[in-house]
Amino acid sequence: LGTPEFMAPELYEEHYDCKVDIYAFGMCMIEMITQSRPYKECMSPAQIYKKVTAGLPPMALSRIQDPEVHDFIAKCLHADKTQRPTARELLESDFIQTTDDEKSQDSV
């Protein structure tokens, strides 16, 4: 099913859909930004399970100081899968979208 640190709460109940990938994406972003594994504070898969199923995010999320980045990731990690955005919603979010000025600067 996956690596415990990246598994959405509903995966543990074996009732899941594509929203588990949104959750895992959020965890990947945490790892890329903080350069540490999500739930590094846990000593065993059982501790990770307890935190995930209780809806507690990894401590690494609190180290992300940029509010826009933090909020984008927090939305991906929502314990209630119905509250997580779809991939399309993420792609259309202000966080992902760039302005025409930024696009023209990138091409220089």
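Residue numbers run from 1 in the order of the sequence given.
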| What distance do Glu68 atom CD and Asp94 atom CG have between them, rounded to the nearest 0.5 Å? | 7.0 Å
| task | Count the heavy atoms of every other residue, nucleotide or ligand shown that sit under 6.0 Å from CE of Met29, and state whether that count exceeds 12. | result | yes
| message | Any carboxylate oxygen within less than 4.0 angstrom of a Lys/Arg side-chain nitrogen, looking at Glu5 and Arg37? | response | yes
| query | Are Tyr12 and Tyr39 co-members of a hydrophobic cluster defined by side-chain heavy atoms under 4.5 Å apart? | reply | yes
| said: I'd like to know if the side chain of Gln97 reaches the main chain of Ser93, judged simply by a donor and an acceptor atom lying under 3.5 Å from each other, with no hydrogens or angles considered. | reply: no
| query | What is the minimum heavy-atom distance between Ala60 and Thr34, and which atoms define it? | reply | O-CG2, 3.7 Å
| field | Gln35 atom CD: more than 12 heavy-atom contacts under 6.0 Å | value | no
| Short side-chain to backbone donor-acceptor contact, Gln83 and Lys75, under 3.5 Å | no
| request: Please answer: with hydrophobic residues joined when any side-chain heavy atoms are less than 4.5 Å apart, are Phe95 and Ile30 in the same cluster? | output: yes
| message | Just verifying a value: how many Å separate Ile22 CD1 and Asp17 CG, rounded to the nearest 0.5 Å? | response | 10.0 Å
| field | Joint hydrophobic cluster, Leu77 plus Ile33, side-chain heavy atoms closer than 4.5 Å | value | yes
| note | Nearest heavy-atom contact between Cys76 and Gly26 is CB-CA, 3.8 Å
| Taking every non-hydrogen atom, the tightest pair across Pro85 and Leu90 | CG-CD2, 3.4 Å
| said: Looking at every non-hydrogen atom in both residues, tell me the closest pair between Glu31 and Phe6 and how far apart they are. | reply: OE1-CZ, 3.2 Å
| note | Taken to the nearest 0.5 Å, the spacing of Lys40 NZ from Ile48 CD1 works out to 13.0 Å
| task | Given side chain to side chain contact (heavy atoms under 4.5 Å, CB included), test Lys50 with Cys42 step by step and report yes or no. | result | CA-CA 10 Å; Lys50 281 183 173 182; Cys42 295; over 6 Å; no
| task | Might you point out which heavy atoms bring Val20 and Ala8 nearest each other, and give the distance in Å? | result | CG1-CB, 3.9 Å
| task | Count the heavy atoms of every other residue, nucleotide or ligand shown that sit under 6.0 Å from NZ of Lys81, and state whether that count exceeds 12. | result | yes
| said: Please say yes or no: joined through hydrophobic side-chain contacts below 4.5 Å, possibly via intermediate residues, are Met43 and Leu56 part of one cluster? | reply: no
| said: Is there a path of hydrophobic side-chain contacts, each under 4.5 Å between heavy atoms, that joins Ile96 and Val69? | reply: yes
| said: Let me confirm one number: the CE-CE distance from Met27 to Met7, rounded to the nearest 0.5 Å. | reply: 11.5 Å
| note | Taking every heavy atom of His70 against every heavy atom of Ile64, the minimum-distance pair comes out as CD2-O, 3.7 Å
| Is the backbone N or O of Arg84 less than 3.5 Å from a side-chain atom of Lys19, with the two atoms forming a donor-acceptor pair by type? | yes
